[in-house]
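Got a structure for you, questions after.
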Amino acid sequence: MKPFRFLLVTALLVATPALAERAEIRIKDLGRIDGARDNMISGYGIVSGLAGTGDSPRSIATLQSIANALREFGIAVTPNQLASRNVAAVLVTATLTPFTRSGDRLDVNVASAADARSLVGGTLLMAPRYGPDRKIYALAQGALNTGGYKFELNGNMVQKNHPTSGIIPDGAVAENGAAMTIVREDGSMHLLVTDPDYTTASRIADAINRNLGGDLAVALDAGRVKVRVPERSRSRLVDFVARLESIGVEPDVRARVIVNERTGVVASGGDVRLSRVKDGGLRL
C-alpha cells in the first residue's frame, strides 16, 4: 500500500466529524491564583565524614570554612593547619512552598562547590538556607544520599551517575514561612491560566459572574482573569477561594492533528473535522 493511501485510511479511521462531548473542568485545574507560588532558598554548607574524597588543600574556602566551624566549638586553628580531605564545601538548595509554616520539613539538594571527588557517606553540618531577602527560612542537616558512586583503582575508574551531588529527604526544618499576598490593594485577585487562551479566559470570567453573582470577574488578557473580592467575603477568604476554584468551566481546545513520520499513523483530536476528498487529496 502506498504511503499516502495508508495515511488516508488511518486518518479516516481515527478522525471523526462529530465533536467529542466535553466535560467542564474546575477552575483550580485550569490555573492558579497569583501570589501563591513556590520560593527558592539556598545557602552554603560543609559535608563531613568523607573517605578521603573531599576537597583538596587547594580549596582555600573549604579550609577557612572548617576553621570557622571549629572556632564555634572553642577550637582555634588557622586554615594553614588543616589538610584533611574528609570535608567538602557544598551549596544547598530547597523549595519553600507557599503554605510552608515554621516546623515543616523540606527536602534538601546538595551539590559540591569545589573539587571533591565524591560526597558518598557524607553528613551535612547544620547550615542555614536564605531567601533573596537574605532572611533565614530553614536550617538543613543530615546524612546525604547520593544515588551514585565513583571508584578508582590501579588507574581504572568506574562511575555511576554523579557522586558529587545528592539529596537529604526531609533534611531541613522551616524557620519562617514565605510572605504570601493574594488580595491586592484594590481588593482584587488575579487568576493565572496555565494554558493561555482568550476564549478560555473569557469563559472563566463568565462562569465566575454566573455562579457568584454580580460583575466580579473580567478577563484582562489570554492568561489573566481579575476577580474582585466582595467586602463581605474578605473576612472569610478561604471559603470564597474554595467556591471560586470549584466552579466548572468548559475550556476551548485547539484542533490538532499529529502525524508520526516513522510509523505513518495519524492521530487527531475530537475537534478535527474532515472535508470531502477532492482530486485525490485529503484536506483537514
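Computation of the quantities below employed the complete heavy-atom set of this structure, encompassing side-chain atoms and omitting hydrogens, waters and symmetry-equivalent molecules.
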Original post:
Taking all atoms of both residues into account, what is the closest heavy-atom pair of N176 and L96, and its distance?
Top reply: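 It is O-CD2, 4.1 Å.
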Subject >> Nearest heavy-atom neighbours spanning M40 and D38 >> reply: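 Looking at all heavy atoms of both residues, the closest pair is CE-CB, 4.2 Å.
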**OP:** Have a look at D34 and tell me which of R184, K226, H190 forms a side-chain hydrogen bond (donor to acceptor under 3.5 Å, both in side chains) with it.
**Re:** R184
Original post:
Minimum heavy-atom separation for F240 to P230, with atom names?
Top reply: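 Smallest interatomic distance, heavy atoms only, reads CE1-CD, 3.7 Å.
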Original post:
Which value, rounded to the nearest 0.5 Å, describes the distance between L212 atom CG and L244 atom CG?
Top reply: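 Going from CG on L212 over to CG on L244, the span is 6.0 Å.
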Subject >> Presence of salt bridge, D104 and R101, under 4.0 angstrom >> reply: no
Subject >> Distance in Å, L30 CG paired with L192 CG, rounded so as to fall on 0.5 Å steps >> reply: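 Between L30 CG and L192 CG, I get 12.5 Å after rounding to 0.5 Å.
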Subject >> Distance in Å, N80 CG paired with I60 CD1, rounded so as to fall on 0.5 Å steps >> reply: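 If we round to the nearest 0.5 Å, N80:CG and I60:CD1 are 7.5 Å apart.
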**OP:** Output yes when a side-chain donor or acceptor of N86 lies under 3.5 Å from a complementary backbone atom of G52, and no otherwise.
**Re:** yes
Subject >> Minimum heavy-atom distance between V108 and A172, given as atom pair plus value >> reply: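 The pair with the smallest heavy-atom distance is CG2-CB, 3.4 Å.
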Subject >> Hydrophobic cluster identity match, V183 and I208, side-chain contacts under 4.5 Å >> reply: yes
**OP:** For the pair T53 (side chain) and L50 (backbone), establish whether a donor and an acceptor sit closer than 3.5 Å, ignoring hydrogens and angles.
**Re:** no
